[in-house]
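All values reported here derive from a predicted model rather than from experimental measurement. Numbers restart at 1 for each chain; the letters A, B, ... are given by sequence-line order, proteins then strands.
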Amino acid sequence: MAVQAVDFAQHGSEDVDSSNGGNPLNVQVEASLLEPFFLLVGGRPKEGFYSVVKIQVGDLSNKKEKIPTILVFTEEDIYGLYSNLLFKYFLAEGVVCGHDLFVASAKEHPDNILKELPAPLLGDTYRNELGEEATAVKPEDFQDSMKIAWRYQNLPKMEASPTTSTKFGHYYDVSKTMSPELFQSIKWHSFYLPEELSSQPKMKTCNMNSAYARLLQSIQRIIYQEGFDGSDPQKKQKNILRIGIQSLGSMLWGDDICSSDTPEDIHSLTKFLYVLRGLLRKSLSACIITVPAHLIQNKAIMERVTNLSDMVVGLESFIGSERETNPLYKDYHGLVHVHQIPRLNSLICDVSDTKDLAFRLKRKLFTIERLHLPPDLSDTVSRASKQDLAESAKLLSSGCGAMAIGKKHLDF
Amino acid sequence: QGKFTLLRDTRTDGSFLVHHFLSFYLRAGCKVCFVALLQSFSHYNIVAQKLGVSLTAAKERGQLVFLEGLKSCLDLLFGEEEEQSGQPSPLQFISESASNLKALFDFVRTSLTPAGSDSWKGPVLLVDDLSVLLSLGATPVAVLDFIHYCRVAVCSQLKGNIVVLVHSNEDSEDEENELVANSLCHHSDLILWVEGLATGFCKDVHGQIKIIKRVSLELTAEQDVVQIYQYKIQDKNVTFFARGLSAAVL
């Protein structure tokens, strides 16, 4: 499944773009390969041009789209390792593309988060890195024709990972951190809850958790002051604001949905998301949020959160679970569940061919790949192991509420 | 006339039906009040243009009254006190502790009550989608009351139609949402139930739609008429076909 670059023109929302006259501007946008669906779409603002962050799966299309979306990562991986990694990727892509950043966290100071962003692999070094790590077989090796499975001869090779020929975004080396010089050119804002608690929220809190209210106020103030919403014609903003919010809904934000089955206020999180959605829609910004979904007892809340978000992805890591030893998953570190994909400005959403994705963290790279069964090469195939694989295979298509959930396992 | 249509989706997104009804009623010359809670105006506008209708033009000539929920909510929370004139915000229930949707109902009623110079055919209320109201703090009873008041005002008094979208799911844990969806099902004249295929994801068939005409409500001892089709959504339209007869298969 390849990540596709989206080449499209943007002419801003009605609110934002009045002085521009709605001229369509062509901007080349690049999406990072490491997140095949979404997020790390970077844009390079050329002079006088709007660059737009776009989240798209599937085919190249020439649409006039708006950017803003809310993304929710569900930290279904218990230790939060991988979701944190993707959170940092999102921010790192923003730094490399020159976007403004807004980082909010209740547990880690944003300065520390930004110190730990992965270093980008620039220039030709990334091709070498991939060359070391790649296990894909070169097409030249398969010149001899197939004798038994000759029907498959002409089918395209299945791409487990996106091909290196398409250039999207940037690669990152997780073993190194980003050098501070790269931060010089961008502007970043932070919201660290313990520091903000002393100030009074000026807006009406609307029965919302006060930490959320403060965060909303802070985001709204930055959007307004920096001109991302186009309300002030003098401050014409040509850049994008990338917002990252860590561990929303956890106890550190003062919300008890993670600690109690019958929380006091089940509406705070959803109200927050609704207002945030409104802020994003009317400004040039995109947002990633990580949520410890495995801690939220009341599943109704997660369903509502899913409905209010444009894109929802769950990460399930195999650490400590029985799947670690399952032969189906031996090459991977976890699964990616896509619960929702954005359907903005069109009747259809572009859906990729497959819903079964897994991720793996190699020495330096983090990749998301199509999950495929390893070839069954054992001489003695016991019934037990076949059953095991069949059970696991049944779990393969259990994601993605956007299209359909397969409940019945069809066995041909 | 005077019909209540419920759009219900399960495990998939039924918003294409909302786009359809919006452009359908606008083309038919009805006055439409669209309570759009989940997406922005330009999203609907871009899709409507693909379907051949311009929402901006409809708004300008007074045929369409568009409540953009997201924008309204922002104005409510971040707006200055002086900006709010005599008229309360339709989404006022978010900031009040009493969750009653009267302000929203008043907004709907004033938008659809015909002014003297209007020459539109019947009024239509379109809501996308009702489940958001629950997320914002309204109780299920308040939502059902709101719908009831709207039915009285729009369907009975003004002889108009109502189309409402709700999400639902058999194994959903959101009991409040299921309560609202099931209750509305009982009161609807027509239910369009969109579901993802039970056998899993398919590129050529995006789902199936069940059309239920609630003939039983007319008390003529007839049963509801149920028709099931499958569909595939394309860029500018949706094709429906009988089950198993998708173009990819034939």
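You'll find the side chain of A/Tyr274 reaches within 4.5 Å of the side chain of B/Cys73, heavy atoms only. The shortest distance between side-chain heavy atoms of A/Met302 and B/Glu173 does not fall below 4.5 Å. Looking at heavy atoms from C-beta onward, B/Leu38 lies in side-chain contact with A/Leu308 at the 4.5 angstrom threshold.
Heavy atoms of B/Ser15 lying under 4.5 Å from chain A belong exclusively to its side chain. Heavy atoms closer than 4.5 Å to chain A are found in the side chain of B/Leu74, but not in its backbone. At a 4.5 Å heavy-atom cutoff, the contact between B/Leu51 and chain A is made by side-chain atoms alone.
Distance check: A/Asn298 CG to B/Asp174 CG gives 8.0 Å after rounding to the nearest 0.5 Å. Taking CZ of B/Phe78 as the start and CG of A/Leu279 as the end, the distance is 5.0 Å to the nearest 0.5 Å. Note: A/Leu280 CG to B/Ser40 OG = 11.5 Å, rounded to the nearest 0.5 Å.
Checking side-chain atoms of A/Glu303 against main-chain N and O of B/Ser172 turns up no donor-acceptor pair under 3.5 Å. With A/Arg304 contributing its side chain and B/Ser131 its backbone, the two residues share no donor-acceptor pair below 3.5 Å.
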Go through the steps for A/Lys282 and B/Glu68 under the test salt bridge (charged side-chain N to carboxylate O under 4.0 Å, His left out), then give the verdict.
-> CA-CA 12 Å; A/Lys282 73 165 209 170; B/Glu68 191 174 347; over 6 Å; no

Trace of the side chain to side chain contact (heavy atoms under 4.5 Å, CB included) decision for A/His267 with B/Leu136 = CA-CA 6 Å; A/His267 295 123; B/Leu136 289 174; over 6 Å; no

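For the set B/Asn177, B/Leu134, B/Asp129, B/Val238, the entry with the most heavy-atom pairs within less than 4.5 Å of chain A is B/Leu134.
The environment of B/Glu175 atom CD is sparse: at most 12 non-hydrogen atoms of other residues, nucleotides or ligands sit within 6.0 angstrom.
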